[in-house]
2 protein chains.
Amino acid sequence: MNKNKTKPTIRDVANKAGVSISTVSRVMNAPASVVENKRQRVLAAIEELSYQPNAFARGLIYKKSFTLGLLIPDIENMYYAGMIRGMQDACNKLGYSLMICNTDRDKERMISYIDAFHEKQVDGIVFASDKMFPEYYEKLVGCRIPFVMVSSHSDEYDIPCVEVDDEAAAYDAAAYLIELGHRQIGMIGFNHENSISGPPRYEGFVRAMTEYGLTSNIANVKFASHYFEHAYQAAHELFTDHPQLTAVFCVADEFAMGTISYLRDRHILVPGQVSVVGFDNHRMAGMYIPKLTTISQPIYDLGHRAAEKLHELLTTGSVMVPREVLQHKLIVRESSRERATTI
Amino acid sequence: MNKNKTKPTIRDVANKAGVSISTVSRVMNAPASVVENKRQRVLAAIEELSYQPNAFARGLIYKKSFTLGLLIPDIENMYYAGMIRGMQDACNKLGYSLMICNTDRDKERMISYIDAFHEKQVDGIVFASDKMFPEYYEKLVGCRIPFVMVSSHSDEYDIPCVEVDDEAAAYDAAAYLIELGHRQIGMIGFNHENSISGPPRYEGFVRAMTEYGLTSNIANVKFASHYFEHAYQAAHELFTDHPQLTAVFCVADEFAMGTISYLRDRHILVPGQVSVVGFDNHRMAGMYIPKLTTISQPIYDLGHRAAEKLHELLTTGSVMVPREVLQHKLIVRESSRERATTI
DNA sequence: TTGAAAGCGCTAACAA
DNA sequence: TTGTTAGCGCTTTCAA
């Protein structure tokens with residue numbers, strides 16, 4: 001092994017193999033055009049030196065980094081773990097690397113990460129879950145970096161995206177609870193402010209209540225922002241205002257956990273007295289006690305498709321299906337059951 | 001805004017500002033050496049074109065990418081979310097970007113990611129949790145990429161690392177259970193094969209049992225590999241073989257959850273009949289029902305320090321503290337309590 | 001204080 | 001089939 005401190009260049013390989021640098025370049029890019037004998041020598045030299053072509057030099061020529069950027073709001077939310085997984089698998093398949101940045105839903109960080117992506121010349125960006133503010137949009141097009149959205153979309157701009165039908169999914173969850181016999185149903189939603197899935201999930205809930213003639217339930221909604229603790233607090237408010245509820249639809253599994261925790265601290269049984277359904281079906285949903293009934297999002301596929309769609313955009317310049325909707329599914333586990341019949 | 005499709009280069013900026021490219025370069029790297037008037041014009045041109053210097057060109061010159069690579073075994077394990085967060089914050093602070101790769105504990109993927117890092121010219125690599133196999137080590141030194149380990153270390157090689165004292169932490173967990181009055185104690189550990197923290201945590205358990213004269217408990221150990229389901233199964237085996245146990249130490253929070261789930265399916269109360277303590281204290285530990293008593297690892301700091309240590313290695317060529325140990329702490333919550341006194 | 005020019009490692013066009 | 005060379009976008013001498 002070469003113990004030299006600096007990395008070998010194409011020139012070192014050429015010297016060692018006794019050929020010109022073009023020949024080395026050819027064995028890497030068009031092996032067929034090099035005579036067997038020399039090719040072997042070059043390959044041997046590459047092996048011996050642990051040579052890897054320098055991506056800077058290549059990038060300068062190809063004007064491509066073969067790197068994609070991912071902007072996510074909160075890496076500690078389990079939801080994104082599955083998404084990253086799907087995205088990285090797609091990237092591997094397509095020959096890309098992935099650069100992940102955690103914005104903490106902070107505008108300043110977001111902007112500075114976009115700058116970093118710009119400087120690092122990422123070929124494209126996947127923008128996850130967040131709202132596409134004009135600042136972001138202007139910045140992105142100003143940088144001339146193609147991008148797609150995942151688990152989100154934009155009404156103002158025409159941006160390719162892959163997501164789930166939040167309205168329909170929320171409707172399904174609420175309708176399921178109604179079909180179970182529940183009549184006093186509450187909901188814990190996302191604060192609408194800056195939330196992309198908050199409003200449609202709320203709408204789905206409202207539509208279900210309306211269609212089933214339970215419009216009074218529309219008043220039983222509290223909002224929380226992302227975290228367990230906030231959901232716990234929201235559940236407290238919800239049950240303080242509406243102690244009669246026998247079911248609650250939560251727009252995230254973490255909210256369902258917060259709600260169940262609250263209920264348990266109040267010695268209210270789930271699902272014995274109150275049914276709870278979550279949303280996402282991330283890994284923890286099946287590990288919780290009780291196991292969560294929830295809306296399953298195809299999280300892995302969302303990530304996978306988003307990367308593929310971005311790749312499509314990069315290679316063809318456009319996208320066949322601008323707004324792709326993946327299927328959700330209700331998963332019934334332990335946190336919900338038929339309303340206890342009054343005697 | 002420039003609607004041109006290609007990204008502007010330093011030449012475009014120079015033209016627009018009516019100066020040479022060297023001057024543009026200077027306003028970016030040594031602003032003081034450029035006369036106020038021109039500097040303003042250059043700055044204006046940069047702004048107007050949304051110009052960002054090309055990292056490829058810079059990298060070629062500086063031989064630095066200002067990018068660090070992170071190799072983790074399993075992104076869906078909550079443990080790593082906190083670590084990534086800490087690492088990324090450190091990277092931001094130090095002016096680096098972070099490239100995260102999920103190896104799935106697969107040797108082939110590991111090797112191919114190292115190749116990718118090599119090609120992309122990452123300045124250094126953080127190697128998380130996994131065992132440093134000779135193949136990896138040879139590869140890494142062959143690539144001449146500096147690296148550190150986090151939540152892991154190597155006995156064979158001399159590699160800077162930051163971790164927790166697993167043996168002592170496990171001892172503390174086991175001793176805590178003993179001090180609570182438990183005498184029949186079991187453990188669910190990591191399969192030792194290829195596990196870095198498995199053996200020391202087992203040793204810590206054994207030492208506690210030995211010091212307290214409870215050596216018979218050393219037989220009450222089952223092993224599982226990483227996932228909830230495996231831990232559930234291991235708990236099944238443990239309690240089938242040793243139904244008399246009143247406490248179990250689990251080497252991961254996810255194992256504790258699997259164990260509690262199993263116990264609950266068997267209608268055994270936690271902590272009423274059996275106390276369970278976990279390890280990690282990741283976010284979910286405080287959300288579970290019951291909330292987990294666990295060993296808290298400074299996960300964020302582990303990630304943060306690892307990045308700092310790598311940076312130290314990159315800039316100074318060596319590291320002051322080759323093997324850094326961060327403090328763990330026992331967090332008592334709801335999943336453990338004093339042994340029920342026999343009447 | 002500024003500009004011209006060399007060169008970082010590679011690819012691709014051109015010549016041989 | 002192979003080698004020579006220009007040039008990708010930038011920084012950094014060296015001269016002016």
Side-chain angles (χ1 to χ4, degrees), chain A residues 2 4-43 45-46 49-67 118-123 143-144, chain B residues 2 4-43 45-46 49-67 118-123 143-144:
Chain A
N2 188 335
N4 191 346
K5 197 66 200 157
T6 61
K7 293 179 185 163
T9 72
I10 197 172
R11 200 154 270 115
D12 298 316
V13 177
N15 286 150
K16 170 148 287 191
V19 298
S20 77
I21 61 168
S22 332
T23 300
V24 177
S25 178
R26 279 187 201 101
V27 342
M28 297 187 301
N29 301 302
S33 71
V34 176
V35 85
E36 174 68 13
N37 166 282
K38 289 195 180 179
R39 191 180 19 184
Q40 290 310 330
R41 292 202 332 253
V42 170
L43 257 13
I46 287 177
L49 296 170
S50 300
Y51 170 76
Q52 270 282 340
N54 184 323
F56 295 148
R58 283 190 152 170
L60 218 39
I61 294 163
Y62 294 137
K63 292 178 190 333
K64 284 207 63 174
S65 59
F66 293 98
T67 299
H118 185 189
E119 198 213 331
K120 297 269 156 74
Q121 309 289 121
V122 302
D123 298 329
C143 292
R144 298 164 195 78
Chain B
N2 188 335
N4 191 344
K5 196 67 201 159
T6 61
K7 293 177 184 164
T9 72
I10 196 172
R11 201 155 269 115
D12 299 317
V13 176
N15 286 149
K16 170 149 285 189
V19 298
S20 76
I21 61 167
S22 327
T23 301
V24 176
S25 178
R26 280 187 200 101
V27 342
M28 296 187 303
N29 302 302
S33 70
V34 177
V35 86
E36 173 68 12
N37 165 279
K38 289 195 180 178
R39 189 178 27 186
Q40 290 310 329
R41 282 188 356 239
V42 170
L43 258 12
I46 287 176
L49 296 170
S50 302
Y51 169 77
Q52 271 280 342
N54 184 322
F56 295 148
R58 282 189 152 169
L60 219 39
I61 295 164
Y62 294 137
K63 294 178 189 332
K64 283 206 63 175
S65 59
F66 293 99
T67 299
H118 185 189
E119 197 214 330
K120 297 269 156 75
Q121 310 286 124
V122 302
D123 298 329
C143 291
R144 298 163 195 79

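Letters A, B, ... mirror the listed sequences (proteins, then strands); counts begin at 1. We use all heavy atoms of the structure for the numbers below, so side chains are in, but hydrogens, waters and symmetry mates are not.
Note: NZ (Lys64(B)) to C1' (dC8(C)) measures 16 Å, nearest angstrom. Met28(A) places its CE atom 13 Å from the P atom of dG9(C), with the value rounded to the nearest Å. Rounding to whole angstrom units, CD1 of residue Ile21(A) and C1' of dC8(C) are separated by 12 Å. Following rounding to the nearest Å, Glu36(A) (CD) and dT1(D) (P) show an atom-to-atom distance of 12 Å. Across the protein-nucleic acid pair, Asn29(B) atom CG and dT1(C) atom P stand 16 Å apart, rounded to whole Å. In this entry the distance linking CG of Asp12(A) with P of dC8(C) reads 12 Å, nearest Å. Spacing between atom CD1 of Ile10(B) and atom C1' of dC8(D) amounts to 13 Å, rounded to whole angstrom units. In this structure, CG of Leu60(B) is placed 14 Å from C1' of dT12(D), rounded to the nearest angstrom.
The side chain of Asn54(A) lies closest to dG9(C), out of dT11(C), dG3(C), dG9(C). The side chain of Ile61(B) approaches dG7(C) more closely than any other nucleotide in the set dT2(D), dG9(C), dG7(C). Here dT1(D) is the nucleotide among dC10(C), dT1(D), dG9(C) with the atom lying nearest to any side-chain atom of Val35(A). Comparing dG9(D), dG3(D), dG3(C) by their nearest atom to the side chain of Ser20(B) picks out dG3(C). When distances run from any side-chain atom of Arg26(B) to the nucleotides dT4(D), dG9(C), dT13(D), the shortest one goes to dT13(D).
DNA chain C is contacted by both Thr23(B) and Lys63(B); Thr23(B) maps to the nucleotide lying nearer its 5′ end (nearest heavy atom per residue).
Gln52(A) places none of its side-chain heavy atoms less than 4.5 Å from the side chain of Lys7(A). Using a 4.5 Å heavy-atom cutoff, the side chains of Thr6(A) and Lys63(B) are not in contact.
A donor-acceptor pair under 3.5 Å is formed between the side chain of Lys120(A) and the backbone N or O of Phe66(B). Here the side chain of Arg39(A) pairs no donor or acceptor atom with the backbone of Val27(A) at under 3.5 angstrom.
Residue Thr9(A) is classed as a sugar-phosphate contact, given heavy-atom separations below 4.0 Å to backbone atoms only. The residue Ser22(B) sits close to a base: some heavy atom pair falls under 4.0 Å. Heavy atoms of Tyr62(A) sit under 4.0 angstrom from primed sugar atoms or phosphate atoms, though from no base atom.
Taking 4.0 angstrom as the limit, Arg11(B) places none of its side-chain polar atoms (N or O) nearer than this to OP1 or OP2 of dG9(D). Residue Lys38(B) places none of its side-chain N or O atoms closer than 4.0 Å to OP1 or OP2 of dT1(C). Phosphate contact (OP1/OP2 of dG9(D), side-chain N/O of Lys7(B), threshold under 4.0 Å): absent.
A donor-acceptor pair shorter than 3.5 Å cannot be found between the side chains of Arg11(B) and Asn15(B).
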